[in-house]
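To start, the structure under review is shown below, and the notes come after it.
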Amino acid sequence: MSNSITVTLPDASTLQVADGESLYEIIGRISPRLQKDALAAAVDGVPVDLSCAVHNDAPLRVITFDSPEGKSIFWHSASHLMAQAVKRLYPDAKFAIGPSIESGFYYDIDMSATVSPENLARIEEMMRTIVDEDLAVRREEMKRKDAIAMFTKAGEIYKVEMLEEMGDDTVSIYRQGGFLDLCRGPHVMSTSRIRNFKLLSIAGAYWRGDEKRTMLQRIYGTAFPEKKQLEQHLKFLEEARNRDHRKLGRELDLFSFSNEVGAGLPLWHPNGAVLRYIIEKFSTDEHLKRGYKLFSIPHIAKAELYRTSGHLDFYSENMYAPIRIDGQDYYLKPMNCPSQIKIFTSSIKSYRDLPFRGFEMGTVYRYERSGVLHGLTRVRGFTQDDAHIFCSEDQIEDEIKDVLDFTLFMLKTFGFTERSIYLSTRPEGSVGSDRNWELATSALKNTLESGGIAYTVDPGEGVFYGPKIDIKIKDAIGREWQCSTIQVDFNLPERFDVQYIGSDGRKHRPIMIHRALLGSLERFIGILIEHYSGKFPVWLAPVQLILINVSDDEAGPADELRLRMLELGFRPEIDRRDESMGYRVRDAIARKIPFIGVIGKKEVAEGTISVRKLGESKSVSMKIEDLIDMIRGEVENRH
RNA sequence: GCCCACGUAGCUCAGUCGGUAGAGCAUUUGCAUGGUAAGCAAAAGGUCACCAGUUCAAUUCUGGUCGUGGGCUCCA
């Protein structure tokens, strides 16, 4: 029995252990601390439970919560813990799937009772009881057909369905106390390992994500080894709530929605509209600098246009019902490309005209199912910084490279420096020849690779007319958002028979590149609000400086300064209300205005102003000229 | 669209086990002329989302519609 076995640790050191010694014991010999932190271990690269014994020489890696693998195991175990609690409280509960997700876990459950927020507390209570019971989590392997029989008997129809689709002969189940679940594992050793958890929300979810199948109740939760980590995570969620653009949009008076105007149709208030204008102007100027030509098109077009473009065939579920005008059907444009193409084709183009870059702040209307609407990030009418580049095949890579550089410049300007890049390939139900898809996809790939840009392939996520590069940005609290998209299209030029005269005097077909850098402005601004937490940099702030007069005597001079700054192109405001200074300062801070300028007797006499920066509690007295220079500097540097 | 929850003043929220409602902040007015995070007082403000039904009586109960939130599915 006491055959000695050698395990090799990641640092290449080795450890002699007895045959049959459990991983838990082995890790205890490395360090008691590690033993305490260990959730599972990888033997020969395969993750297994700590209760497993080692019988052969093998490399050993301890899995703790610090690794993504460890988190996943921990959260998965937490989902079992929750399921066990639910089963105790609701014996008729049938379990579907309960995986770990990005920062926690969920379990999809089918049961007669509906879970309410109050019930979550009851379930948490029961989870605590089970934790205190310190139930060992045990793995058992059995024949698949035996498992089917067992779960059928238990009424676990979803588990049975999953088992029936599995190819393996043998399956594993995990048992903790009276609860058992079909699971690949591994899991933590005991329910007592999961002490810090929180159930967060309840939602509906279709069995297998199929809207034709049963709607299950999904309970989301999260858990951590340390109490402090849980608290930190809950604080993060709180922070995200405080940054919510819907909340800040109301508080900062940026935008609103009206029941009477319609769902998903944002109304921009003066503060929001000016922010939007600044972004539009900045974007338009940058496009002109890079040789783009401006386009502008109407919001509706005839059915014929969208029949030619293929939108009526491939995109109609996102389009609104036609408008009947003089016996003809017109559609609200769901995309800008078809009409923009008509601008390109309005005259004969030569190869000398290529690449032809047409840009527009183009508003589109898309039908979104009511349940998906969300603040500014998911609306039914929105404006994109949309451009279409017509170029020859051998210009594609250069153009894409330019677009990528341009995109990264734009994102950086708005404070987004971290991003990840995705290459989406041909989806089901797409149009176009294999050759063109291949050509377009490799053009995107080559550009990324020759630029040394790391990317991830998203198989089948392209648009119906071509592959695309999507860029996801990370905001100030680490959440990812998708804005930018670059799409190569051989299809529309063909459909519209777009041509140019080459240097050989013959007709050629250009390629189109569709691209939006900020994407939907509505969405982008929503993200910006959350990214900056409403504290916009000076160049974007709807109000850059608020002037506060100490007494009525200074109202005149303060207002003169306001008018002067307006004329200089700044966005000043004056608060001359009959309120105490403390009150008005407090109000200005709540409005997150970057600068507060106080003018009293002393300032008027000296030609100065007392300036307080947002976030600081001290004010600085400075010459008015210096204040203007300072603000100008921040605007020019886009700070 | 689907599941669950929700819709009371501009905002945040009480309340009515069926008898047409209240607070704080915001607003307006008056007083206070105030030196950097809420000066004092008064007034005004609501078809209790909308439409039906039940009832002597509906903001409250029932149904529908619209909208919001968390998700699913879809996507910028």
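Heavy-atom basis, side chains included; hydrogens, waters and symmetry copies ignored. Remember, it's a predicted structure, so these values are computed and weren't measured experimentally.
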Please report the distance separating the [atom1] of [N] from the corresponding atom of [M], rounded so that it comes out in whole Å.
N     : M     : atom1 : answer
B:U28 : B:G64 : P     : 43 Å
B:G53 : B:G45 : P     : 31 Å
B:U59 : B:C17 : P     : 15 Å
B:C4  : B:A42 : P     : 48 Å
B:U55 : B:U12 : P     : 38 Å
B:C72 : B:A57 : P     : 46 Å
B:U8  : B:G15 : P     : 14 Å
B:A58 : B:U20 : C1'   : 9 Å

Any chance the side chains of [X] and [Y] put a donor and an acceptor closer than 3.5 Å?
X      : Y      : answer
A:T284 : A:E286 : no
A:S551 : A:E554 : yes
A:S420 : A:E480 : yes
A:S316 : A:H311 : no
A:R571 : A:N271 : no
A:D108 : A:W207 : no
A:R218 : A:Y220 : yes

- request: Give the minimum heavy-atom separation between A:I279 and A:L540, together with the two atoms involved.
  value: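 Reported closest heavy-atom pair: CG1-CD2, 4.0 Å.
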Run the salt-bridge test on [X] and [Y] with the 4.0 Å N-O cut-off and return the result as yes or no.
X      : Y      : value
A:E317 : A:R369 : no
A:E251 : A:R246 : no
A:E280 : A:R276 : yes

query: In terms of the nearest nucleotide of RNA chain B, which residue is placed more toward the 5' end: A:A203 or A:F257?
result: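 So the residue in question is A:F257.
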task: Take A:K618 and A:E522, find for each the nucleotide of RNA chain B with the closest heavy atom, and name the residue whose nucleotide sits nearer the 5' end.
output: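 Mapping each residue to its closest nucleotide by heavy atoms, the 5'-most match is A:K618.
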Would you mind classifying the nucleic acid contact of [X] as base, sugar-phosphate or nothing, using non-hydrogen atoms under 4.0 angstrom?
X      : result
A:Y106 : nothing
A:R213 : nothing
A:R369 : base
A:R584 : nothing
A:S201 : sugar-phosphate
A:K468 : sugar-phosphate
A:G582 : sugar-phosphate
A:A263 : sugar-phosphate
A:D587 : nothing
A:G519 : nothing
A:E260 : nothing
A:Y315 : nothing
A:V364 : nothing

message: Please give the stem ranges for RNA chain B, sorted by first residue number, where a stem is three or more consecutive Watson-Crick or G-U pairs and both donor-acceptor distances are under 3.5 Å.
response: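 Consecutive-pair runs (3 or more) involving RNA chain B: B:1-7 with B:66-72, B:10-13 with B:22-25, B:27-31 with B:39-43, B:49-53 with B:61-65.
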field: Name of the residue among A:E530, A:H531, A:K472 meeting side-chain contact (heavy atoms from CB on, under 4.5 Å) with A:W481
entry: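 One option only clears the test, and that one is A:E530.
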task: Take the angle between the ring planes of A:H80 and A:Y107 and call it parallel below 30°, perpendicular above 60°, tilted in between.
output: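 Aromatic pair A:H80/A:Y107 classed tilted.
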- prompt: Going 5' to 3' on RNA chain B, which nucleotide is the first and which the last to come under 4.0 Å of a heavy atom in chain A?
  reply: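 It runs B:G1 to B:A76.
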field: RNA chain B-proximal residues of residues 588-604 of chain A, any heavy atom under 4.0 Å
entry: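 Of all residues in residues 588-604 of chain A, the ones placing a heavy atom under 4.0 Å from RNA chain B are A:I589, A:V598, A:G600, A:K601, A:K602, A:E603.
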